[in-house]
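Scope of the values below: all heavy atoms of this structure, side chains included, with no hydrogens, waters or symmetry mates. In what follows, every chain begins at residue 1, and chains take the letters A, B, ... in the order their sequences are listed.
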Protein chains: 4
Amino acid sequence: MPAAKKKSTTASASPERRRELLTIAADVFAAHGYNATTVRRIADEAGMLAGSLYYHFDSKESMLDEILSSFLTELWDGYDAVLAAGLGPRETIEALVTESFREIDRHRAAVAIYQKESKHLAAQPRFGYLTDSQQKFKTAWLGTLERGVADGAFRADLDIRLTYRFVRDTVWVAASWYRPGGQHSPEEIARQYLSMVLDGIAVRA
Amino acid sequence: MPAAKKKSTTASASPERRRELLTIAADVFAAHGYNATTVRRIADEAGMLAGSLYYHFDSKESMLDEILSSFLTELWDGYDAVLAAGLGPRETIEALVTESFREIDRHRAAVAIYQKESKHLAAQPRFGYLTDSQQKFKTAWLGTLERGVADGAFRADLDIRLTYRFVRDTVWVAASWYRPGGQHSPEEIARQYLSMVLDGIAVRA
Amino acid sequence: MPAAKKKSTTASASPERRRELLTIAADVFAAHGYNATTVRRIADEAGMLAGSLYYHFDSKESMLDEILSSFLTELWDGYDAVLAAGLGPRETIEALVTESFREIDRHRAAVAIYQKESKHLAAQPRFGYLTDSQQKFKTAWLGTLERGVADGAFRADLDIRLTYRFVRDTVWVAASWYRPGGQHSPEEIARQYLSMVLDGIAVRA
Amino acid sequence: MPAAKKKSTTASASPERRRELLTIAADVFAAHGYNATTVRRIADEAGMLAGSLYYHFDSKESMLDEILSSFLTELWDGYDAVLAAGLGPRETIEALVTESFREIDRHRAAVAIYQKESKHLAAQPRFGYLTDSQQKFKTAWLGTLERGVADGAFRADLDIRLTYRFVRDTVWVAASWYRPGGQHSPEEIARQYLSMVLDGIAVRA
DNA sequence: TATGAATGAGCGTTCATTCAT
DNA sequence: TATGAATGAACGCTCATTCAT
């Protein structure tokens with residue numbers, strides 16, 4: 001998914017150190033935004049000098065790339081498993097939402113970065129995989145919703161594109177306030193979100 | 001709401017030109033992000049040189065300030081009217097959501113900027129009013145939800161803070177995809193969103 | 001001849017200032033080499049800060065580009081006039097050599113830079129015109145030499161490619177020691193060089 | 001000739017490996033220029049990491065130093081033999097030119113580096129021997145030319161300093177295009193060059 | 001009101017060099 | 001002998017901002 005590594009002189013460096021540094025970078029990117037984050041800041045946080053980061057990575061952008069692409073790889077591992085399971089539309093939605101909250105739990109920083117930056121990054125060829133992913137995402141969710149409308153599981157009186165955006169946003173914005181280790185587990189949050197999305201917050205007449 | 005103008009040398013410039021420039025600036029901020037937007041880009045779009053903007057504004061930040069604060073002023077005019085109307089909880093929520101989509105329609109750029117930047121701006125004293133507004137916002141919505149739970153309009157089995165975040169985010173993220181002049185009026189979008197939020201997307205048993 | 005200017009926001013700046021700055025830059029490039037010359041050094045010499053240069057030029061490389069391309073433009077103006085004059089081979093060579101020393105006199109720095117850098121610059125697309133120029137150069141000189149051999153003006157017992165390189169280098173390396181305002185005028189140097197090249201330094205038997 | 005090794009910690013390394021590495025370094029310096037050559041590039045070419053070179057050499061500069069000084073040592077071995085042979089001026093020039101082309105053949109990279117870099121290197125104390133060598137060089141060639149003018153072997157109507165530069169440059173620039181193993185042997189090239197320099201390229205009247 | 005030219009701080013990046021292993 | 005990881009200084013460049021005109 002990431003742009004092809006050129007010669008990747010740097011790619012051979014010890015993978016554990018890379019992970020550590022990427023985790024740090026992701027946190028800083030998530031907290032202050034990619035553009036506003038200086039490479040010196042990341043290095044500070046890692047206890048090294050700015051230049052030293054370039055032993056491990058080609059560029060600031062390649063850190064971002066690796067953060068986002070490895071997140072998306074994992075996300076799609078989960079999604080693809082759900083989609084291949086042959087569930088009904090409602091159960092599929094439930095599983096996708098649950099899986100999403102699990103990803104938010106595991107990759108909070110990456111998700112937050114994705115939320116803030118993917119729109120303008122998608123324009124760059126290097127981040128073309130973001131657009132691809134978005135497309136797959138849309139196909140999967142919209143398709144499931146349509147199946148649900150067709151077989152009577154979901155309401156037919158709603159604009160399905162609005163519904164799609166509603167469900168999609170509803171889930172992912174959670175990354176902006178979610179803190180791992182909070183009082184609710186991802187599964188519990190997913191359960192409540194699903195309850196709201198599927199049945200509404202109003203008491204039934 | 002904005003921090004007091006220091007010199008107000010610049011405040012004497014013609015108000016219409018200011019408006020025009022702020023509209024341009026807001027669009028560019030919304031499209032590319034505040035940090036990624038150069039003052040030169042705004043000037044280009046306005047057909048002038050970067051330095052010339054400083055006749056009208058103290059700084060890039062003060063443009064942002066004015067954009068956000070004038071948006072919030074208008075927003076609260078609308079909200080306060082709703083809250084003063086003495087409606088029941090459900091009707092209040094409906095009115096607030098409708099009002100919100102109207103604001104998104106009128107101030108799309110400002111809303112988008114607000115979404116992306118308010119979190120880290122709120123830390124700066126100059127933008128303290130963002131925090132104040134958020135607080136008022138929370139009080140109004142959370143209070144209404146609690147009233148609704150108390151009088152049986154809203155479900156009591158949900159974590160009310162989750163519900164609050166759910167409704168809040170659900171509405172405002174719409175600014176990220178909303179395009180004025182699209183096929184749905186703000187009121188129509190509000191109606192469908194409210195229908196989903198209140199009654200859910202699942203068909204009732 | 002230079003690579004197409006992109007948008008050339010900077011190209012509109014006052015042409016006199018540009019000339020001044022390019023003259024300064026050319027001198028520094030010639031004295032210390034392009035790579036070893038820092039943009040700060042040029043700025044120092046011009047009495048400004050490094051960043052200020054970027055108001056006038058896109059990049060260090062574009063300064064180099066402009067220096068070399070405007071030199072080559074002038075050079076070919078002179079050469080083309082000579083080649084169009086319909087002179088015999090010996091007179092053509094004499095005129096070309098004289099013209100060359102005049103160019104060395106007028107553009108000493110540019111010629112020195114050209115000597116040192118053109119070989120590796122020619123590989124970059126932006127400097128493709130260097131290769132083009134070299135090709136034209138070779139065609140003009142080699143052709144004239146061949147004409148001279150054919151009509152008996154030049155010796156037939158020499159490897160003509162060696163002769164070409166001999167004459168070419170002989171002339172242009174002079175830029176490495178030539179100082180304008182020295183005791184010999186360019187025309188006088190040309191006369192002596194031609195005398196050596198054509199008749200040799202040995203006394204005739 | 002090179003500056004005294006400070007620590008000579010590195011001097012204990014196996015001399016053959018040093019030679020290999022210096023040959024590689026010289027080729028890269030010659031191809032891309034000293035400044036533009038990174039220590040990493042040399043190491044890559046040698047199949048090791050950049051830091052590892054520092055086991056063999058004190059610094060990048062000391063590689064350059066060793067390349068240039070050992071070339072000059074060999075060159076002067078040859079020159080001194082010629083100068084001690086008691087030949088007439090014309091024969092001395094012939095022998096020096098021939099010797100020079102032999103050195104270009106054997107040390108092409110070193111000669112090319114010398115051509116490009118010696119001018120600005122000579123300013124540094126460490127490379128003072130370059131200036132010394134240039135001085136000896138000038139004395140030897142200029143002296144021989146003067147002897148030749150005095151005894152009627154060389155033309156008296158030329159500015160002798162111009163003649164000196166002419167002959168000197170004429171020979172050494174050849175290093176910029178010479179490729180060992182080409183169709184002409186160094187001796188053959190020397191013969192043709194001498195023929196041009198001594199008798200000129202024009203056909204005698 | 002706006003321009004043209006400059007400032008100055010800071011940014012992402014490179015690279016010769018060091019050093020424990 | 002060589003590696004892996006880091007240093008630290010410098011580099012080309014960007015950009016918000018200033019100010020005389």
For [X] and [N], is the shortest distance between a side-chain N/O and OP1 or OP2 below 4.0 Å?
X     : N     : value
A:R17 : F:dG4 : no
C:Y55 : E:dA5 : yes
C:H56 : E:dA6 : yes

Partners meeting side chain to side chain contact (heavy atoms under 4.5 Å, CB included) with [X] (sequence neighbours left out):
X      : value
C:A25  : C:F29, C:I42, C:M63, C:I67
A:A109 : A:A26, A:D27, A:A30
C:T131 : C:A122

Strand contacts (DNA chain E) in residues 41-49 of chain C, 4.0 angstrom heavy-atom criterion: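 C:M48, C:L49, in order of number.
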I need the full list of salt bridge (Lys or Arg N to Asp or Glu O under 4.0 Å) pairs touching residues 28-37 of chain D, with sequence neighbours left out, sorted by first then second residue. none
Enumerate the salt bridge (Lys or Arg N to Asp or Glu O under 4.0 Å) contacts for residues 31-44 of chain C, please, sequence neighbours excluded, ordered by first and then second residue. C:R41-C:E45
For C:L53 and F:dC15, give me the distance from atom CG to atom C1', rounded to whole Å. 15 Å
In whole angstrom, what separates B:F57's CZ from E:dT1's P?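 Taking atom P of E:dT1 as the reference, CZ of B:F57 is at 12 Å.
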Of all residues at least two apart in sequence or in a different chain, which pass the salt bridge (charged side-chain N to carboxylate O under 4.0 Å, His left out) check with C:R108? none
Which residues pass the salt bridge (charged side-chain N to carboxylate O under 4.0 Å, His left out) test with C:R19, sequence neighbours left out?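 Salt bridge (charged side-chain N to carboxylate O under 4.0 Å, His left out) check on C:R19 returns nothing, list empty.
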Estimated bend of the helix from E:dA2-F:dT21 to E:dT21-F:dA2 (axis per five terminal pairs, rounded to 10 degrees):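 End-to-end axis angle: 20°.
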Strictly distance-based, threshold 3.5 Å: is any side-chain N or O of C:S62 a donor or acceptor partner for the main-chain N or O of C:D65?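 Answer holds: no.
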Please enumerate all residues that pass side chain to side chain donor-acceptor pair (under 3.5 Å) together with B:E20, with sequence neighbours excluded.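 Residues passing side chain to side chain donor-acceptor pair (under 3.5 Å) with B:E20: B:R17.
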Heavy-atom check, side chain of B:V28 versus side chain of B:T38, under 4.5 Å: no
Sort and list the pairs that fulfil side chain to side chain donor-acceptor pair (under 3.5 Å) and have at least one residue in residues 109-123 of chain B, not counting sequence neighbours. B:E117-B:H120
Spell out protein contact along nucleotides 14-21 of chain E as letters: B when the base is contacted, S when just the sugar-phosphate is, - when no protein heavy atom is under 4.0 Å; keep the 5' to 3' order. BSSBB---
